[in-house]
2 protein chains.
Amino acid sequence: MRRSGALLDLLSRRMRAAGETALQAAGLRPRHLLAMPVLRDRGESSQADLAGTLQLDRTNVVGLLNELEREGLIERRRSPEDRRRHTVRLTEEGRERLARAEFTLAAAEDLVLAGLTAKQRDTLYELLAKATAAAC
Amino acid sequence: MRRSGALLDLLSRRMRAAGETALQAAGLRPRHLLAMPVLRDRGESSQADLAGTLQLDRTNVVGLLNELEREGLIERRRSPEDRRRHTVRLTEEGRERLARAEFTLAAAEDLVLAGLTAKQRDTLYELLAKATAAAC
DNA sequence: TATTGTTATACTCTATAACTATA
DNA sequence: TATAGTTATAGAGTATAACAATA
């Protein structure tokens, strides 16, 4: 019986472990590299929108942003239009740390996928992108 | 930049959540459906071998097997050849519960991958199998 | 009433260290 | 000395409930 779930579970555990190791020197974790690219691409975002995009619970986004804010990589500001919202942006340092960390992480990820050819890695990425794009 | 890790993380979280929901009625969790098929295919296994195959820490396999043993789905016996080892097997009830649960889980997994065609799901499975087959 | 951010909390997953019994 | 299983424990990931501020 074809059980993609078991393989996904194993591969994502390896990815996480490899990512943690690779990012350790940069003082970041894979989870940080989920949120930061979104902020860079959008320019800014509310915490709720960010949680929706990452499909993380908003309560966990609070802690994630606390860590990034403590490191000076993001900043929160109260939105003038809707004072319930925090507008979150990358700082300049956040942008720089992200650029370096992304290369480090991408290299580590490719290493985990060393069993695949470059073309197969591309196909895998496309299939994952298509699968996750679906509502659920 | 191509970041398979982020997509893998998201998809495996969805898989886990869908699997938990689907297996709830059977009183099992996705993690149980990792170990049980290995035991069925091998007939029996020591805990250390099982941990190696699943790439789980042996300390976590202890708890996993405790749950399955409490439910009467596996049995541990002291190995006569090496009295340090526990020989683990599926019970008859374990075999039956597994057969039913596998269909339930496979259906739930296909639902998570609904954004892909059947052929794409097969390709994804093959790529995941090849990627995880590599040492690391 | 509903939403945004927050805190407190609980449960799962994973890894490390240390113990025991065997080899 | 080393290995198999176990226990205790700590850290990360995730979700739920409840609250204050704001809409």
Side-chain angles (χ1 to χ4, degrees), chain A residues 5-6 8-21 23-24 27-35 44-70 74-88 136, chain B residues 5-6 8-21 23-24 27-35 44-70 74-88 136:
Chain A
L8 265 175
D9 185 60
L10 174 55
L11 193 58
S12 69
R13 275 188 282 136
R14 285 192 195 166
M15 273 290 186
R16 179 174 307 185
E20 281 170 2
T21 303
L23 292 175
Q24 207 157 18
L28 294 171
R29 278 177 300 121
R31 184 47 43 100
H32 298 138
L33 272 282
L34 290 180
E44 64 180 40
S45 172
S46 75
Q47 297 187 190
D49 286 348
L50 189 58
T53 301
L54 301 174
Q55 299 196 241
L56 297 176
D57 193 276
R58 74 204 154 110
T59 63
N60 300 319
V61 170
V62 172
L64 179 63
L65 292 178
N66 286 347
E67 292 168 357
L68 292 173
E69 195 176 40
R70 212 175 298 128
I74 62 117
E75 56 186 15
R76 288 164 160 128
R77 277 178 295 180
R78 190 65 69 174
S79 165
E81 294 106 37
D82 182 342
R83 292 187 44 73
R84 291 173 303 182
R85 289 178 175 248
H86 278 166
T87 299
V88 184
C136 197
Chain B
L8 265 175
D9 185 60
L10 175 54
L11 194 58
S12 69
R13 276 188 282 135
R14 285 193 195 166
M15 273 292 186
R16 179 175 306 187
E20 281 170 2
T21 303
L23 292 174
Q24 208 158 17
L28 294 170
R29 278 178 300 122
R31 185 47 44 99
H32 298 137
L33 273 283
L34 292 180
E44 65 179 40
S45 171
S46 75
Q47 296 188 189
D49 287 347
L50 189 58
T53 301
L54 300 174
Q55 299 195 243
L56 297 176
D57 193 275
R58 72 204 157 110
T59 62
N60 300 318
V61 170
V62 173
L64 179 61
L65 292 178
N66 286 347
E67 292 168 356
L68 292 172
E69 194 175 40
R70 210 176 298 128
I74 61 117
E75 55 186 16
R76 288 165 161 126
R77 276 178 297 180
R78 189 66 68 176
S79 165
E81 295 104 37
D82 183 342
R83 291 187 42 73
R84 292 173 302 182
R85 288 177 176 251
H86 278 167
T87 299
V88 184
C136 197

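Residue numbers start from 1 in every chain, and the chains themselves are labelled A, B, ... in the order their sequence lines are given, proteins ahead of strands.
Distance Q55(B) CD to dC13(C) C1': 16 Å, rounded to the nearest Å. For Q47(B) and dT7(D), the CD to C1' distance is 13 Å, given to the nearest whole Å. Distance NE2 (H86(A)) to P (dA23(D)): 12 Å, rounded to an integer number of Å. Distance R58(A) CZ to dA17(D) P: 12 Å, rounded to the nearest Å. As a whole-Å value, the separation of D9(B) CG from dA12(D) P is 16 Å. Between R14(A) atom CZ and dA15(C) atom C1' there is a gap of 17 Å when expressed in whole angstrom units. Spacing between atom CG of L64(A) and atom P of dA12(D) amounts to 13 Å, rounded to whole angstrom units. For the pair L10(B) CG and dG13(D) P, the interatomic distance rounds to 15 Å; values are reported in whole Å.
Counting only heavy atoms from C-beta on, R83(B) has its side chain closest to dA23(C) among dA23(C), dG5(C), dT6(D).
A close approach under 4.0 Å does occur between a side-chain nitrogen or oxygen of R29(B) and OP1 or OP2 of dC13(C). For dG11(D), neither phosphate oxygen OP1 nor OP2 lies less than 4.0 angstrom from any side-chain nitrogen or oxygen of R16(A).
For the pair N66(A) and E20(B), nearest-nucleotide mapping onto DNA chain C gives the more 5' position to N66(A). Comparing S79(A) and A48(B) along DNA chain D, the residue whose closest nucleotide (by nearest heavy atom) sits nearer the 5' end is A48(B). Where R13(A) and R78(A) each meet DNA chain C at their nearest nucleotide, the meeting point lying more 5' is that of R78(A).
If you take CG on L34(A) and CG on L50(A), they are separated by 9.5 Å, rounding to the nearest 0.5 Å.
Remark: the R84(B) side chain and the dT3(D) base include a donor-acceptor N/O pair separated by less than 3.5 Å. Donor-acceptor pairing under 3.5 Å, judged by distance alone, is absent between the side chain of R85(A) and the base of dT4(C). Scanning atom types as modelled, one donor and one acceptor separated by under 3.5 angstrom connect the side chain of T59(B) and the base of dT16(C).
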Hey, mind stepping through E69(B) and V88(B) against side chain to side chain contact (heavy atoms under 4.5 Å, CB included) and telling me if it holds?
-> CA-CA 10 Å; E69(B) 194 175 40; V88(B) 184; over 6 Å; no
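Between R77(B) and H86(B), every side-chain heavy-atom pair lies at or beyond the 4.5 Å cut-off.
Within 4.0 Å (heavy atoms only), D57(B) reaches at least one base atom of the nucleic acid. Across all strands shown, S46(B) has heavy atoms under 4.0 Å from sugar-phosphate atoms exclusively, and none from any base.
Side-chain contact annotation: R85(A) with S46(A), donor-acceptor N/O pair under 3.5 Å present.
For Q24(A), the CD atom sits in a loose shell: 12 or fewer heavy atoms of surrounding residues, nucleotides or ligands are nearer than 6.0 Å.
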